[in-house]
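Note that this is a predicted model, so its numbers are computed, not measured. Each chain gets a letter, A, B and so on, in the order the sequences are listed, and its residues count up from 1.
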Number of protein chains: 2
Amino acid sequence: MPTVALDETDAEILELLIEDASRSYREIADRVGLTAPTVSERVERMRELGIVERFTVAVDQSMLATQDARLVEVQLAPGDAGTLADELRDVDVVEHVIRTESGRVLAHVHAGEPEVRRLFADLLEGRDVLSYDVGGVVESSWNPDLRRGEFAISCVECGKEVDDDGLSLEIDDRRYFVCCESCEELFRERYAELQEGAEG
Amino acid sequence: MPTVALDETDAEILELLIEDASRSYREIADRVGLTAPTVSERVERMRELGIVERFTVAVDQSMLATQDARLVEVQLAPGDAGTLADELRDVDVVEHVIRTESGRVLAHVHAGEPEVRRLFADLLEGRDVLSYDVGGVVESSWNPDLRRGEFAISCVECGKEVDDDGLSLEIDDRRYFVCCESCEELFRERYAELQEGAEG
DNA sequence: CCTGAAAGCTCTACAGC
DNA sequence: GCTGTAGAGCTTTCAGG
């Protein structure tokens, strides 16, 4: 496992890649004042950490005849919302999921009205649903950008910045970062309890 | 201007790139049964057409300490919603905008509560706002994928599939496709009227 | 943690069909 | 519209600081 801390140079590299991932590492290296091999290695590290999820292509689906999407808005009792969002994330007609503090879950779904209704009939079964609405999407745009207040990984347990003493945990196919061993222990306990709660 | 029609092979290439844009053109060529130069040329064409908007990197911002985003939900009188969505698209703290048939506009905004309130105070000024709500985003995920019902460009005027007789228009920095010259003429008239309406 | 050089691949003309 | 080839340029490994 590579080093866990991130620095300003990593942030600059990410910004350049978000803007245009077809840039060469040499061009990026020139801009950030390094050489190509170093940039390559830093990107590789961020990929392993999961900060960089994937290299991809943004497609303007609005130009295609295919476009047939729905916006689904669900208001749940707050505790329930996290698991719904997790389940939606794995459905592949679901492009975008947003969950808010107040237990709202929004999903941008590429499917016709009946398919969407069927999907959500299953997903909402047994949940405490306060409201539920499906509407046709006319237009949607995506504008990727890096928002760098403090550019650092935060500890899932205490929220503090994770530095080189930090640890990276991989549990049930998801990665979590903690700043130290005591946070690791606390997090593992908390996680086990959450799991029991979800299953019980 | 290149040919306007798209075929199944273009769709396959796009799918492979969406999944992983760091693949080499040779690998893609092998999978779709072509050679690297042809794939390169097809991708270049789709870029020029605007189907491929950009090569980029998806970053898991939830791991970063930076995360501080709001979901803004606005319900407008239906006619008004398009122009609000257009204005939001150009604000760079706005990551995602979705507009529905019923005049709802949702925006995923990377900024604190006061900044968001200030931004929308300006944007909503003078509009017919039926409801307006701001909530803190806890989690958001993006899952790019190509939904290929009929994979073809559709005419902005008549909705029919655009083939090699089609035309590509660039008006006010946005690209539009029409299937034939009569649709072009009708669209230009309609566009001019819309512009007058918006300004008047 | 970085550089510099070197080997191996990848991209993209271009000529030919 | 596609292929094959060939040169330029890119990535990545590795020795060295």
Original post:
Over how many whole Å does the gap from B:Leu17 atom CG to C:dT10 atom C1' extend?
Top reply: 14 Å
Original post:
Does the side chain of B:Arg54 come under 3.5 Å of the side chain of A:Ser22 through a donor N or O and an acceptor N or O?
Top reply: no
Subject >> Rounded distance (Å) that lies between atom C1' of D:dG9 and atom CZ of A:Arg23 >> reply: 18 Å
Original post:
Rounded to whole angstroms, how far apart are OH on B:Tyr25 and C1' on D:dC10?
Top reply: 14 Å
**OP:** May I ask you to verify if any side-chain N or O of B:Thr35 is less than 4.0 angstrom from the OP1 or OP2 atom of D:dG4?
**Re:** no
Original post:
Any side-chain donor paired with an acceptor under 3.5 Å for A:Arg175 and A:Ser168?
Top reply: yes
Subject >> Closest to the B:Ser24 side chain, choosing from C:dT10, D:dT5, D:dT13 >> reply: C:dT10
**OP:** Give the rounded distance in Å between these two atoms: CZ of A:Arg26 and P of C:dA5.
**Re:** 13 Å
Original post:
Parallel under 30°, tilted from 30 to 60°, perpendicular over 60°: which one fits the rings of A:Tyr176 and A:Phe187?
Top reply: tilted
Original post:
Please give, in whole Å, the distance from D:dG1 C1' to B:Leu6 CG?
Top reply: 15 Å
Original post:
What's the closest nucleotide to the B:Pro37 side chain, out of C:dA13, C:dC11, D:dC10?
Top reply: C:dA13
**OP:** Examine the side chains of B:Thr100 and A:Arg70 and answer whether a donor and an acceptor come within less than 3.5 Å of each other.
**Re:** no
**OP:** Could you tell me whether A:Thr38 contacts a base, only the sugar-phosphate backbone, or nothing, with contacts defined as non-hydrogen atoms closer than 4.0 Å?
**Re:** base
Original post:
Any side-chain heavy atom of B:Tyr25 sitting closer than 4.5 Å to one from B:Thr35?
Top reply: no
Original post:
Can you tell which of C:dT10, C:dA13, C:dC1 lies closest to the side chain of A:Arg42?
Top reply: C:dC1
Original post:
Quick one: A:Ile13 CD1 to D:dT11 P, roughly how many Å, whole number?
Top reply: 13 Å
Original post:
C:dT3, C:dT12, D:dT3: which one has an atom nearest the side-chain heavy atoms of B:Leu34?
Top reply: D:dT3
Original post:
In whole Å, what is the span from the CD atom of A:Glu27 to the C1' atom of D:dG9?
Top reply: 13 Å
Original post:
Can you tell me how far P of C:dC2 sits from CG of A:Asp10, to the nearest Å?
Top reply: 9 Å
